[in-house]
Amino acid sequence: MWIRSHPAQAEPDDPAERAAWSAFVADACRRVGADPAVADEHAVLRMTRRVAHSGARPMAPVASFIAGLALREHPDVDPTALMARLQDALDTAPRPEENPHG
């Protein structure tokens with residue numbers, strides 16, 4: 001069950017739903033030939049949530065894709081360190097212009 005009153009929460013509280021997410025990640029990794037041990041969906045969700053909430057919402061999926069590229073190019077990199085480096089790039093992420101009328 002999702003907690004809808006907390007929009008910053010992107011991960012389910014329900015253990016069955018969490019298990020379904022893990023099953024999806026394992027299946028998707030198997031289908032594309034990726035190591036599911038490297039696919040830390042929680043780290044990716046934290047990183048994309050931070051990107052989105054910094055005001056650079058359109059860049060959240062782009063940051064995830066860049067993480068995948070980096071892991072392909074550098075398979076021995078620590079995924080947690082990689083996510084931290086991507087989070088550090090938030091200062092350079094484009095932000096939508098403020099709408100002065102609303």
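As the structure is a prediction and not an experimental result, all values here were calculated from the model.
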Next item on the list: Can you sort out the partners of D76 under side chain to side chain contact (heavy atoms under 4.5 Å, CB included), two or more places apart, ordered by chain and number?
Entry: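 If we apply the side chain to side chain contact (heavy atoms under 4.5 Å, CB included) test to D76, skipping adjacent residues, there are no hits.
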Margin query: Which residues pass the side chain to side chain contact (heavy atoms under 4.5 Å, CB included) test with D88, not counting sequence neighbours?
Written below: none
Can you name the nearest heavy-atom pair linking [X] to [Y], along with the distance?
X	Y	result
Q87	M47	NE2-CA, 3.3 Å
A63	L86	O-CD1, 3.6 Å
V51	A60	CG1-N, 3.6 Å
A67	L82	O-CD2, 3.6 Å

Note to self: Would you say CZ of R30 has more than 12 non-hydrogen atoms from neighbouring residues, nucleotides or ligands within 6.0 angstrom?
What the structure shows: yes
Next item on the list: Report the distance from atom OG of S22 to atom CZ of R18, rounding to the nearest 0.5 Å.
Entry: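 If we round to the nearest 0.5 Å, S22:OG and R18:CZ are 8.0 Å apart.
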Notebook entry, point to check: Going from CE on M59 to CD1 on I66, what distance comes out if it is rounded to the nearest 0.5 angstrom?
Noted result: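 It is 8.5 Å, given to the nearest 0.5 Å.
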Check: Cluster question for you: counting only ILVMFWY and a side-chain heavy-atom cut-off of under 4.5 Å, with indirect links fine, are F24 and L45 together?
Finding: no
Margin query: What I want to find out is whether R31 reaches D27 closely enough, with some N-O distance under 4.0 Å, to be called a salt bridge.
Written below: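 D27 and R31: salt-bridged.
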